[in-house]
Amino acid sequence: MAKGNSILVSSCPAGQLREFFIATGETPKPGQTVQVDPTVALKSGRHTAKIYSRDADGDRPAGAHWVLLEDSGQGKTVDDAYAAGDICRAYAPMAGDQLNLLFKNVAGTADDVVAGDLFILDSGTGKVIVTTGTPEAEVAMALEAVADPTADTLVWSEWAGN
């Protein structure tokens, strides 16, 4: 599952990289999506990022989608969560960028992912889920199949856009 050992897979990414502080009370992992928290003042020239949260799964964000990257500069991997107050690196992908996105497994189920499935963002977790209902934004497509995931797992994906 996943491709390689980092979140950003594209060899020539077109998006934007930025540093943020992690919001109070949050411990997101690389591959999750965050958004700028405009209610927190800048610290050291950086905004604070909070886990993607909208009115419903698949809603468009008010700003850019930011995907958390691993903190390889401090020897951390895609499996290492950030803590509140940490400085993190996040990437705003462009259509066509390939990433390993954190897929949300629903407790007690084994939700298969089929190559070609379209993903939306789960509000409140910033993880991707297979499209349900009538979302406003299908953000990515699975480039691999994942059979019977029993926990959250990284899925090799292509970003579709905002």
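Everything numeric in this text was worked out from a predicted model, so none of it was measured.
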Contacts of Ser10 that satisfy side-chain contact (heavy atoms from CB on, under 4.5 Å) - sequence neighbours left out: Pro13, Asp97, Gln98
Close side-chain approach of Glu144 to Lys3, heavy-atom, < 4.5 Å: no
Minimum side-chain heavy-atom gap Leu69-Leu17 below 4.5 Å: yes
Side chains of Val40 and His47: does their closest heavy-atom pair fall under 4.5 Å? no
With sequence neighbours excluded, residues passing side chain to side chain donor-acceptor pair (under 3.5 Å) with Thr39: Asp37
What is the distance from atom CD of Glu26 to atom OG of Ser53, rounded to the nearest 0.5 Å? 8.5 Å
Sequence-distant partners of Arg18, salt bridge (Lys or Arg N to Asp or Glu O under 4.0 Å), two or more places apart: none
Side-chain contact, heavy-atom cut-off 4.5 Å: Thr48 with Ile22? no
Got a sec, which pairs hit ring-ring contact (aromatic ring centres under 6.0 Å, His included) with one end in residues 10-42, sequence neighbours left out? Phe20-Trp66
Least distance between heavy atoms, Pro149 atom then Val146 atom: CD-O, 3.9 Å
Look at the side chain of Glu136 and the backbone N and O of Arg60, then say whether any donor-acceptor pair between them is shorter than 3.5 Å. yes
Interatomic distance, His65 atom NE2 to Leu101 atom CG [nearest 0.5 angstrom]: 10.5 Å
Search all heavy atoms of Ala92 against all heavy atoms of Ala64 and return the closest pair with its distance. CB-CB, 4.5 Å
Partners meeting salt bridge (Lys or Arg N to Asp or Glu O under 4.0 Å) with Asp122 (sequence neighbours left out): Lys104
Would the distance check show the side chain of Asp152 and the main-chain N or O of Asn105 forming a donor-acceptor pair, the cut-off being under 3.5 Å? yes
Correct closest heavy-atom pair for Ser157 and Leu143 would be C-CD1, 3.8 Å
Are any non-hydrogen side-chain atoms of Asn5 and Val78 less than 4.5 angstrom apart? no
With a 4.0 Å cut-off on N to O distance, would you call Asp71 and Arg89 a salt bridge? no
Looking only at heavy atoms, what is the nearest atom pair of Pro30 and Thr77, with distance? CG-O, 4.0 Å
Does any part of the side chain of Phe103, heavy atoms only, come nearer than 4.5 Å to the side chain of Asp117, both counted from C-beta? no
Audit row: Leu99, Tyr91, side chain to side chain contact (heavy atoms under 4.5 Å, CB included) steps and yes/no: CA-CA 10 Å; Leu99 306 111; Tyr91 180 75; 4.1 Å; yes
Close side-chain approach of Ile51 to Gln32, heavy-atom, < 4.5 Å: yes
Looking at every heavy atom in both Ile7 and Gly31, which two are closest together, and how far apart are they? CD1-N, 3.6 Å
Straight-line distance of Thr33 OG1 to Leu102 CG, nearest 0.5 Å: 9.0 Å
Can Glu19 and Arg46 be counted as an ion pair, charged N to O under 4.0 angstrom? yes
Using the test salt bridge (Lys or Arg N to Asp or Glu O under 4.0 Å), find all partners of Asp80 that sit at least two apart in sequence or belong to another chain. none
Any chance you could lay out the side chain to side chain contact (heavy atoms under 4.5 Å, CB included) test for Val128 and Leu121, step after step, and finish with the verdict? CA-CA 5 Å; Val128 293; Leu121 293 175; 3.8 Å; yes
Side chain to side chain, Trp159 and Val67, heavy atoms closer than 4.5 Å: yes
Evaluate the side chain to side chain contact (heavy atoms under 4.5 Å, CB included) criterion for residues Lys29 and Leu68: first the C-alpha distance (whole Å), next the side-chain angles of each, then the deciding distance (0.1 Å), finally the verdict. CA-CA 7 Å; Lys29 291 183 78 174; Leu68 285 177; over 6 Å; no
Which atoms form the tightest heavy-atom contact between Ala84 and Ala23, and what is the distance? CB-O, 3.4 Å
Strictly distance-based, threshold 3.5 Å: is any side-chain N or O of Thr27 a donor or acceptor partner for the main-chain N or O of Ala81? no
Step-by-step side chain to side chain contact (heavy atoms under 4.5 Å, CB included) determination, Thr125 to Tyr52: CA-CA 6 Å; Thr125 71; Tyr52 169 88; over 6 Å; no
